Protein chains: 2
Amino acid sequence: MTIAKPNGRTRDRILDIAQRLIQSRGYNAFSFSDLAKELGIRTASIHYHFPTKADLGVALLRRYRQNFRDELGGIAARADNPLRHLARFAALFERTFSADNQLCLCGMLSAEVATLPKPVAGEVERFFEETERWLAQVLAAGKSAGLVAFDGTARAQARMLLAVLEGAMVVARGMRHGTHFQGMARDYLAKLKAA
Amino acid sequence: MTIAKPNGRTRDRILDIAQRLIQSRGYNAFSFSDLAKELGIRTASIHYHFPTKADLGVALLRRYRQNFRDELGGIAARADNPLRHLARFAALFERTFSADNQLCLCGMLSAEVATLPKPVAGEVERFFEETERWLAQVLAAGKSAGLVAFDGTARAQARMLLAVLEGAMVVARGMRHGTHFQGMARDYLAKLKAA
DNA sequence: GTCTATAAGATGATAGAC
DNA sequence: GTCTATCATCTTATAGAC
């Protein structure tokens with residue numbers, strides 16, 4: 001008796017395409033038909049991997065959060081100082097925006113949150129909380145080392161940095177300008193440098 | 001012979017409802033059916049006022065930009081100093097977010113810009129350009145008066161302030177937190193104050 | 001200005017064959 | 001795992017009566 005052993009290749013490809021489509025067009029503007037066309041299979045086959053669109057959304061967000069955690073772990077593991085960590089963090093966003101003005105997945109979903117299946121909205125919330133926590137640690141370490149300067153709590157500063165990066169993506173995209181994002185990211189990081 | 005004299009009441013109500021729905025749910029997540037239900041009329045009647053959804057979008061954005069210009073004009077006309085002007089500007093965004101975590105209309109549309117009819121996307125771009133220009137003037141005036149301090153160009157600072165407010169809305173909404181927006185807005189304005 | 005009626009197309013989803 | 005076939009529903013839009 002053979003045991004079903006899905007290699008998950010199609011499943012991953014579905015998630016890859018879904019992620020790109022959501023970051024470009026949004027959750028409400030991509031369809032199973034879009035995925036099927038790109039994959040060269042039928043929509044019924046997508047439903048085999050993800051019974052509902054909400055299931056797909058949750059699976060995508062879980063993978064995304066895990067990947068993002070890995071990226072943050074990789075940054076923190078480096079022997080760099082906290083200022084470099086912040087720069088590498090911002091570079092993650094810049095890399096995304098450079099790819100055809102794509103937004104952060106959770107930035108896009110946050111805008112659409114009122115229309116999302118509840119479990120998907122919950123994943124978005126967790127993304128922001130985790131990211132804010134990580135950034136707060138880096139900022140606090142930087143302050144302790146005398147490399148980073150800011151008023152108020154590290155948490156509030158972390159949230160603000162996140163807001164700047166998310167907002168810079170939105171504004172640069174709305175203005176349809178290719179380089180405004182990196183300009184804002186660089187300028188804001190410069191403000192955090194201790195004199 | 002009587003001349004048709006549309007009072008525009010229904011037309012305006014359509015735009016009112018459409019604006020609220022877009023700021024809450026997005027352009028791709030509201031339908032003529034939603035409008036018809038709230039108004040107590042049929043979708044065909046909406047099409048009488050706006051032949052296509054793109055027409056509705058353009059009309060909404062034109063009205064919105066005009067209203068926003070009027071608000072900015074009202075702020076600039078006050079005898080306040082530039083710092084107060086910035087605070088009143090931020091208050092416009094806070095008022096919006098206080099209303100059921102609504103986003104800035106153009107912040108929401110900016111996220112969806114890849115899926116919007118071209119004329120609608122053009123209006124979004126104009127909104128950001130106009131707003132950036134107005135903010136840059138206020139910032140420059142504040143700097144001349146020694147009340148506002150910043151590095152770089154007034155344009156870049158204006159863009160950054162806009163990004164902070166848009167991003168703060170997105171992050172606060174994604175975290176489903178009611179007061180994070182005002183916290184970030186207040187903190188960022190404090191940074192602009194000259195010592 | 002609003003209605004009924006209608007249309008064509010998209011969408012999320014399921015049943016059952018292969 | 002993928003297919004065909006089918007479904008109910010939603011969506012934008014038009015024609016023509018009132």
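Below, read A as the first sequence line, B as the second, and so on, with proteins coming before strands; counting in each chain starts at 1. The basis for the numbers below is simple: all heavy atoms, side chains too, and nothing from hydrogens, waters or symmetry mates. All of these numbers come straight from a predicted model, not from anything done at the bench.
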Quick one: is B:Y48 getting a side-chain N or O under 4.0 Å of the C:dG1 phosphate, OP1 or OP2?
yes

Side-chain N or O of B:T10 closer than 4.0 Å to phosphate OP1/OP2 of C:dG1
no

Atom [atom1] of [X] to atom [atom2] of [N]: distance rounded to whole Å?
X: B:L56; N: D:dT11; atom1: CG; atom2: C1'; answer: 14 Å
X: A:K37; N: D:dC3; atom1: NZ; atom2: P; answer: 15 Å
X: A:D55; N: C:dG12; atom1: CG; atom2: P; answer: 13 Å
X: B:I41; N: C:dT2; atom1: CD1; atom2: C1'; answer: 7 Å
X: A:N28; N: C:dA10; atom1: CG; atom2: C1'; answer: 14 Å
X: B:R42; N: C:dC3; atom1: CZ; atom2: P; answer: 6 Å
X: B:I46; N: C:dT4; atom1: CD1; atom2: C1'; answer: 16 Å
X: B:R9; N: C:dT2; atom1: CZ; atom2: P; answer: 11 Å

Close side-chain approach of A:D16 to A:Q19, heavy-atom, < 4.5 Å
no

Got B:L35 and B:T43 here, is their nearest side-chain heavy-atom distance under 4.5 Å?
no

Quick check: are there more than 12 heavy atoms from other residues, nucleotides or ligands sitting under 6.0 Å from CZ of A:R176?
yes

Any donor-acceptor pair under 3.5 Å linking the side chain of [X] with the backbone of [Y]?
X: B:D100; Y: B:Q102; value: no
X: B:T131; Y: B:F128; value: no
X: B:K53; Y: B:Y27; value: yes
X: A:S45; Y: A:I41; value: no

Among B:R159, B:Q157, B:Q137, find the residue that satisfies the side chain to side chain donor-acceptor pair (under 3.5 Å) test when tested with B:E132.
B:R159

Partners passing side chain to side chain donor-acceptor pair (under 3.5 Å) against A:K193 (at least two apart in sequence or in another chain)
none

Contact class for B:S45 (heavy atom, under 4.0 Å): base, sugar-phosphate, or nothing?
base

Tell me, for nucleotides 13-18 of chain D in 5' to 3' order, what letter each nucleotide earns: B for a base near a protein heavy atom under 4.0 Å, S for only sugar-phosphate near one, - for neither?
BBB---

Helical bend (five base pairs per end, nearest 10°) for the helix from C:dG1-D:dC18 to C:dC18-D:dG1
10°

